[in-house]
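The next block holds one structure in the form of structure tokens; read it before the comments.
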Amino acid sequence: LRQVVVVDPKFKVFTRAWVVAELIQADRLRISPRLKMLDAQSCKAFRHEVSWIDIEACEASRPEDKADILARAGDIQEFNRRLNALVFNKRNGLLSSFEKELVMTEAVAMNTLSHLAHVAF
């Protein structure tokens, strides 16, 4: 199983309580999350603009939904620590994994183009 998180250009997805709660739940269930962003610049912008995600600052459509999410989160400090490690960890966080995936994709694309150019000429 895999969890795909599509990140909007303004990173609003990380301000939604349900989204961050589901990231942690997927992590607990050992479901590998995968980010989808527009490009590498979006990832860099996110790192620059967002340094910490706080579940208490997140929004929900209904106040009772947010209250339920916070109640289920338990220790808020631990939840936030785990969430931020999941997203920002330089070795294996979601952003780092996205960046590594981009590098690999670009390398494969360059190799394919190089091979096609060689075959064509």
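Because the structure is predicted, anything quoted here is derived from the model rather than measured. Throughout, numbering of the chain's residues begins at 1 and tracks the sequence.
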If you group Ile, Leu, Val, Met, Phe, Trp and Tyr whenever their side-chain heavy atoms sit less than 4.5 Å apart, what else falls in with Leu29? Leu1, Ile31

Among residues two or more places apart or on two chains, list those pairs meeting salt bridge (Lys or Arg N to Asp or Glu O under 4.0 Å) that have a residue in residues 38-57. Arg47-Glu99

Determine the minimum heavy-atom distance between [X] and [Y], stating which atoms define it.
X     : Y     : result
Asp8  : Val13 : OD1-N, 2.9 Å
Leu83 : Ile53 : CD2-CG2, 3.5 Å
Gln3  : Ala26 : OE1-CB, 3.3 Å

Could you tell me how the ring of Phe11 sits relative to the ring of Phe46: parallel (under 30°), tilted (30 to 60°) or perpendicular (over 60°)? perpendicular

One pair to check against side chain to side chain contact (heavy atoms under 4.5 Å, CB included): Leu95 and Val87. What are the steps and the verdict? CA-CA 6 Å; Leu95 294 175; Val87 174; 4.2 Å; yes

For Lys100 and Arg91, indicate whether the former's side chain and the latter's backbone hold a donor-acceptor pair under 3.5 Å. yes

So, the side chain of Lys90 versus the backbone of Ser96: is there a donor-acceptor pair under 3.5 Å, distance only? no

Can you give me every donor-acceptor pair (side chain of residues 15-25, partner residue at least two apart or in another chain, under 3.5 Å) with its distance?
| from | atom 1 | to | atom 2 | distance (Å) |
| --- | --- | --- | --- | --- |
| Thr15 | OG1 | Lys12 | O | 2.6 |
| Arg16 | NH1 | Glu59 | OE1 | 3.3 |

Taken in chain and number order and not counting sequence neighbours, the residues that satisfy side chain to side chain donor-acceptor pair (under 3.5 Å) with Asn84 are none

Output the distance between atom OG (Ser97) and atom CG (Leu35), rounded to the nearest 0.5 Å. 8.0 Å

Arg30 meets the side-chain contact (heavy atoms from CB on, under 4.5 Å) criterion, sequence neighbours left out, with none

Would you list the atom pairs, donor with acceptor, under 3.5 Å between side chains in residues 68-79 and any protein atom, with sequence neighbours excluded?
| from | atom 1 | to | atom 2 | distance (Å) |
| --- | --- | --- | --- | --- |
| Asp68 | OD1 | Arg72 | NE | 3.2 |
| Asp68 | OD2 | Arg72 | NE | 3.1 |
| Asp75 | OD1 | Gln77 | N | 3.1 |
| Asp75 | OD1 | Glu78 | N | 3.2 |
| Glu78 | OE1 | Arg81 | NE | 3.1 |
| Glu78 | OE2 | Arg81 | NE | 3.4 |
| Glu78 | OE2 | Arg81 | NH2 | 2.5 |

